[in-house]
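Heads up, the thing below is written out as structure tokens.
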Amino acid sequence: SQATPVPDAPGGNSRTVTVALDQRSYPIHIGAGLLGRAAEMVRVAGDWQRCAVVTDATVARLHLEALQANLSEARLAVDPVVVPAGESSKSFEQLAPLCEALLMRGIERGDAVIALGGGVIGDLAGFAASILRRGVALVQVPTTLLAQVDSSVGGKTGINTPQGKNLIGTFHQPRLVIADTDTLDTLPARELRAGYAEIVKYGLLGDAQFFAWLEENGLALLRGDAEARAYAIEKSCQMKSDIVAEDERESGKRALLNLGHTFGHALEAWAGYSGDLLHGEAVAIGVGLAFKLSEQLGLCPPGRHERVTAHLRAVGLPVAIGELGACGRGIPEPAELITHMMQDKKVTGGRLTFILVRDIGDAFITRDVAIDDLKRLLSEECR
Ligand code: NAD
Ligand code: MG
């Protein structure tokens with residue numbers, strides 16, 4: 001397939017990754033100080049009359065002014081819409097007033113919605129953009145590390161219901177992603193580490209050299225090294241973008257991005273999606289378990305689980321279910337976790353999908369894990 005050329009990078013020290021989806025290709029601009037230059041990138045990306053920024057209360061306090069002032073100067077802005085911070089905003093209860101607020105601000109088919117925030121805002125505002133007037137343009141301006149390397153790229157949007165997470169949603173690719181690395185300076189360290197777990201995941205699933213680079217540079221990145229941050233974000237976006245370009249709707253290869261997530265989602269469900277266990281922390285434990293299971297099944301040489309968990313531990317991420325005792329809920333029962341795993345969207349015909357590894361940087365998708373092997377692993381782990 002032929003990639004449509006996408007507009008030039010904004011210059012300066014920024015980097016640009018292109019998501020190649022023919023007519024729907026879009027750039028991801030990564031760099032410092034981009035919020036204050038958003039209008040020029042927006043102008044290049046589309047001929048929109050009005051842009052409505054959607055954000056959460058925390059991000060509004062910290063970063064809305066820089067973006068809104070720049071858009072207003074370019075006569076693009078309408079009043080922003082601010083929703084409460086937190087996962088509970090990914091709900092029908094918040095979606096309805098958000099859609100109405102966008103209509104009240106006069107957002108039409110030729111206008112754009114700008115999602116300024118973490119994955120919660122990206123998913124909620126992205127979903128709203130996809131259904132408003134049967135679909136308006138979406139610009140993602142991710143402000144968490146997780147959103148900059150993962151949720152702002154690839155077009156998945158959605159909300160949660162009492163039945164589960166992300167069960168209602170759409171595919172709606174953004175037209176532009178602006179990842180301003182300066183916004184990460186205000187992010188709590190624990191949120192930063194949780195996003196870092198997804199960066200490690202990219203190395204582990206497809207690029208051993210990148211994982212080795214992270215072993216060397218991960219701590220500096222977390223402590224604020226701007227160059228290391230920008231490089232890791234670029235590398236992660238490039239890997240996600242390559243996979244999405246090949247398999248936009250997850251009929252195959254895109255599932256590799258779920259390395260660590262079959263276990264991770266079950267742990268999050270067990271923890272009740274509370275602040276006790278962040279998604280990235282659950283993924284860190286899940287990645288460890290995927291390596292352990294791969295070694296136990298003889299699919300991966302010995303020692304890899306040790307190397308992977310040593311790095312995750314070194315940056316302060318949890319790597320074993322046993323560590324969950326510290327969050328005050330005790331430790332899950334293997335049967336509970338298996339029940340949660342069976343509710344995953346990726347279960348087909350009662351068979352679980354796992355992403356396992358042949359080595360660091362070499363993951364594959366399988367439906368052939370025997371339930372007894374899974375039970376054995378979990379009963380060792382849940383102690
Ligand atoms: P989040 O959006 O809730 O942000 C975490 C917290 O950080 C919030 O309290 C937020 O207000 C605050 N915050 C955001 N930016 C900040 C900043 N720069 N400084 C200080 N505080 C800031 O959570 P998240 O981890 O970014 O995203 C998690 C969500 O993303 C989940 O709902 C998950 O399902 C979704 N997700 C979606 C995809 C996808 O492909 N669509 C992929 C991964 C995750
Ligand atoms: Mg994830």
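The chain is numbered in sequence order, starting from 1. We count ligands from 1, going down the list as the structure has it; atoms in each ligand are counted the same way.
- Counting heavy atoms closer than 4.0 Å to ligand 1, residue T186 contributes atoms from both its backbone and its side chain.
- Interatomic distance, CG of L214 versus OG of S236, reported as 7.5 Å (0.5 Å rounding).
- Of the N or O atoms in T183, one or more lie within a sub-3.5 Å distance of an N or O in ligand 1.
- For atom 25 (O) of ligand 1, the closest heavy atom belonging to the protein is L146 CD2, 3.8 Å.
- The distance from atom OG of S14 to atom CZ of R37, rounded to the nearest 0.5 Å, is 6.0 Å.
- Of the heavy atoms in N166, only side-chain atoms (C-beta onward) come closer than 4.0 Å to ligand 1.
- When H265, E268, E87, K165 are each tested for a side chain to side chain donor-acceptor pair (under 3.5 Å) with H279, only one passes: E268.
- Ligand-side atoms of ligand 1 in range of K240: 40 (O), range being under 4.0 angstrom from any heavy atom.
- With respect to atom 31 (C) of ligand 1, the closest heavy atom belonging to the protein is E87 OE1, 3.4 Å.
- A donor-acceptor pair shorter than 3.5 Å can be found between the side chains of N166 and K90.
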Check against salt bridge (charged side-chain N to carboxylate O under 4.0 Å, His left out), R105 and D111: CA-CA 11 Å; R105 282 157 179 74; D111 299 330; over 6 Å; no

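- Atom 9 (O) of ligand 1 has as its closest protein heavy atom A85 CB, 4.1 Å.
- The distance criterion of under 3.5 Å between nitrogen or oxygen atoms is not met by T157 with respect to ligand 1.
- In this structure, atom 13 (N) of ligand 1 lies nearest to the protein heavy atom V59 CG2, 3.8 Å.
- Contacts of V120 with ligand 1, taken as heavy-atom pairs under 4.0 Å, involve both backbone and side chain.
- Partner of L192 under the side chain to side chain contact (heavy atoms under 4.5 Å, CB included) criterion, out of D185, L145, V315: L145 alone.
- Which parts of ligand 1 touch K165 is read off a 4.0 Å heavy-atom cut-off, strictly below it: atoms 31 (C), 32 (O), 33 (C), 34 (O).
- Looking only at heavy atoms of the protein, atom 10 (C) of ligand 1 is closest to D56 OD2, 3.4 Å.
- Interatomic distance, CE of M41 versus CG of N70, reported as 8.0 Å (0.5 Å rounding).
- Evaluation of the ring-ring contact (aromatic ring centres under 6.0 Å, His included) rule for F354 yields F263 as partners, not counting sequence neighbours.
- Taking 2.8 Å as the limit, the number of protein N, O or S atoms around the Mg ion (ligand 2) is 3.
- In the model, Q173 has no side-chain atom that pairs as donor or acceptor with a side-chain atom of Q140 under 3.5 Å.
- Across the listed options T58, T55, N160, T58 owns the non-hydrogen atom lying nearest to atom 12 (C) of ligand 1.
- No heavy atom of R190 sits closer than 4.0 Å to any atom of ligand 1.
- Within the listing of ligand 1, atoms 31 (C), 32 (O), 33 (C), 34 (O), 35 (C) sit less than 4.0 angstrom from a heavy atom of K90.
- Between the side chains of T170 and S130, at least one donor N or O sits under 3.5 Å from an acceptor N or O.
- Counting heavy atoms only, L187 comes closest to atom 16 (C) of ligand 1 of the residues L187, L192, L145.
- Atom CD of Q343 sits in a crowded spot, with more than 12 heavy atoms from other residues, nucleotides or ligands closer than 6.0 Å.
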Determine whether R43 and E40 satisfy the following criterion, salt bridge (charged side-chain N to carboxylate O under 4.0 Å, His left out), listing intermediate values before the conclusion. CA-CA 5 Å; R43 286 259 188 246; E40 57 183 271; over 6 Å; no

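- When each atom of ligand 1 is checked for a heavy atom of L62 under 4.0 Å away, the hits are 19 (N), 20 (C).
- Atom CZ of R304 is separated from atom CG of L299 by 13.0 Å, given to the nearest 0.5 angstrom.
- Distances below 4.0 Å separate heavy atoms of G118 from the following atoms of ligand 1: 2 (O), 26 (O).
- Of the protein's heavy atoms, D123 OD2, 3.2 Å lies nearest to atom 37 (C) of ligand 1.
- In this structure, CD in E336 is found 11.5 Å from CD1 in I331, a value given to the nearest 0.5 Å.
- Contact between E198 and ligand 1 is absent, with no heavy atom of the residue lying under 4.0 Å from the ligand.
- The line from CD1 of I178 to OG1 of T143 is 12.5 Å long, rounded to the nearest 0.5 Å.
- Comparing heavy-atom distances from atom 5 (C) of ligand 1 across H265, E191, E268 singles out E191 as nearest.
- Protein heavy atom in closest approach to atom 4 (O) of ligand 1: T144 CG2, 3.6 Å.
- Judged as a ring-ring contact (aromatic ring centres under 6.0 Å, His included), and not counting sequence neighbours, W270 has no contacts.
- Side chains of H63 and T183: no donor on one and acceptor on the other come within 3.5 Å.
- Contact annotation: for L184 versus ligand 1, there are no heavy atoms closer than 4.0 Å.
- Remark: minimum distance from atom 15 (N) of ligand 1 to any protein heavy atom is reached at T143 OG1, 2.8 Å.
- Listed by number with element, the atoms of ligand 1 under 4.0 Å from a non-hydrogen atom of H63 are 18 (N).
- Between G119 and ligand 1, a contact under 3.5 Å exists for at least one N or O pair.
- Of the polar atoms of H279, none of the N or O atoms is found under 3.5 Å from an N or O of ligand 1, judged by distance alone.
- Residues passing the ring-ring contact (aromatic ring centres under 6.0 Å, His included) test with Y196 are H311, sequence neighbours excluded.
- When only modelled atom types and interatomic distance are considered, N258 and T262 share no side-chain donor-acceptor pair under 3.5 Å.
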